[in-house]
Amino acid sequence: MNYIEFTTEDFVLDDYFRKWVNGQLPQEDDFWENWLAEYPEKMEMIRQAEFVLKALEMEHTPIDEKRVSEKIQQILQLTEPVIWRDKPTFFQNNWLKIAASVACIGLLMWYFLQTRSQLPTKYEQLITAQAAQSIEKINNTNEPLKVSLSDGSVITLQPKSRLSFPSTFALDKREVFLSGEALFDIAKDVHKPFLVYANELVTKVLGTSFSIRAFEKDQSVVVRVFTGRVSVLSGKGGTQQINQPFNQNEGVILTPNQMVVFDRLPERLTKTLVENPRILSVDDELPLQNTSFNFDNTPIEQVFETLEKSYGVKIVYDMEVLKNCTVTAPLGEESLYDKLNLICKVIRANYEVVDAQIVISSRGCS
């Protein structure tokens with residue numbers, strides 16, 4: 001496909017381009033990023049096509065040649081520049097271009113915001129699609145609000161947040177809908193998975209504790225896990241998610257001290273560690289050893305094993321490089337990251353968090 005000859009309309013009508021704009025391509029598909037790097041002069045046209053596509057999708061309008069052409073003309077009419085009566089000078093001509101560009105951007109933003117404000121939120125779309133009678137809790141106070149469900153689960157709803165759930169759960173699943181932030185303490189039921197729809201994310205659990213932050217105006221949606229395991233699936237937040245089976249293979253599995261961040265622009269799902277990992281308890285259903293961190297000439301392999309089992313975090317390192325390293329340090333109440341900083345100083349190493357794992361790089365010990 002020769003995209004260099006495409007017009008704005010061609011891009012909007014192109015299925016491959018639309019999938020890229022909507023974040024529906026595989027993560028390893030970087031064609032469009034590479035193409036824009038090669039043809040940066042096309043950036044403005046790509047932005048225009050992206051705007052037209054989003055405007056049509058927000059209006060739930062079919063993407064066909066006639067409608068795309070009409071939408072482009074509608075936007076052009078809003079941004080038509082003023083014509084000089086006299087022949088413009090060089091300064092006037094350039095000033096006209098600058099003024100027209102500023103006016104174009106301003107009117108496009110105004111049109112976008114006006115259109116968006118008239119549409120229901122993702123949360124409202126999900127609620128409207130429900131056939132069963134729902135109960136809604138809205139926290140308009142400045143304090144957390146506890147909501148007890150019929151299955152024994154307890155949800156702590158944060159201020160400015162909304163939660164909706166059916167008066168009676170279905171026989172095969174438990175579904176709730178969130179806009180805002182909440183802490184979930186879910187009663188275990190292996191026969192009825194618990195699903196939380198929070199804008200673009202769907203979180204599935206059997207019984208665990210976790211938190212979700214999904215405010216409509218935030219740039220990202222965040223799920224943090226404290227105990228147990230959850231599956232998080234990203235999507236468009238549309239009503240079609242509800243009646244489709246939860247495909248765990250398409251989602252991300254989270255265990256204690258892990259979190260996932262869904263960035264809305266560009267649409268991207270990132271798995272990492274929580275800001276302050278905590279020591280696991282027996283309720284976390286993961287291997288747990290004595291949490292003493294008093295190391296006395298302890299081989300680095302044992303040190304990392306202690307941290308892994310205590311925090312449920314995978315530590316990746318080259319054992320051949322670090323085979324001569326030992327640690328002597330009376331550690332205790334420090335955070336996991338403070339412990340790692342001290343250990344890395346001893347073994348002349350650095351660490352970074354990659355895909356919810358801690359990766360150690362070092363020159364080794366003499």
For the hydrophobic clusters of this structure (ILVMFWY residues joined by side-chain heavy atoms under 4.5 Å, transitively), does one cluster hold both [X] and [Y]?
| X | Y | result |
| --- | --- | --- |
| Leu342 | Val359 | no |
| Tyr351 | Met259 | no |
| Leu149 | Val154 | no |
| Leu280 | Val274 | no |
| Phe17 | Phe6 | yes |

Between [X] and [Y] (side chain of the first, backbone of the second, donor and acceptor by atom type, cut-off under 3.5 Å), is there such a pair?
| X | Y | answer |
| --- | --- | --- |
| Arg264 | Asp218 | yes |
| Arg278 | Phe226 | yes |
| Asn341 | Tyr337 | yes |
| Asp29 | Phe31 | yes |
| Asp151 | Ser153 | yes |
| Ser362 | Arg348 | yes |

Step by step, work out the side-chain hydrogen bond (donor to acceptor under 3.5 Å, both in side chains) result for Ser161 and Asn139. CA-CA 6 Å; Ser161 301; Asn139 188 357; over 6 Å; no
task = For residues Phe11 and Trp20, establish whether the separation of their ring centroids is below 6.0 Å.
result =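 No.
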Counting only heavy atoms not in [X] (residues, nucleotides, ligands), do more than 12 fall under 6.0 Å from its [atom1]?
| X | atom1 | result |
| --- | --- | --- |
| Asn142 | CG | no |
| Gln219 | CD | no |
| Leu171 | CG | no |
| Glu143 | CD | no |
| Glu301 | CD | no |
| Lys137 | NZ | no |
| Arg47 | CZ | no |
| Glu333 | CD | no |

Heavy-atom closest pair, residues [X] and [Y]:
| X | Y | answer |
| --- | --- | --- |
| Tyr123 | Leu163 | OH-C, 3.7 Å |
| Glu50 | Val21 | CG-CG1, 3.6 Å |
| Val225 | Phe210 | CA-CB, 4.0 Å |

Tell me, please, whether Phe293 has Lys339 positioned over its six-membered ring: NZ or CZ under 6.0 Å from the ring centre and within 45 degrees of its axis? yes
**Report entry** Side chain proximity check, Tyr317 to Ile347, heavy atoms < 4.5 angstrom
**Finding:** no
> With a 4.5 Å heavy-atom cut-off, do Ile155 and Phe165 have their side chains touching?
Replying inline: no
Can a salt bridge be assigned to the pair Asp189 and Arg174 using a cut-off of 4.0 Å between side-chain N and carboxylate O?
->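 No, Asp189 and Arg174 are not salt-bridged.
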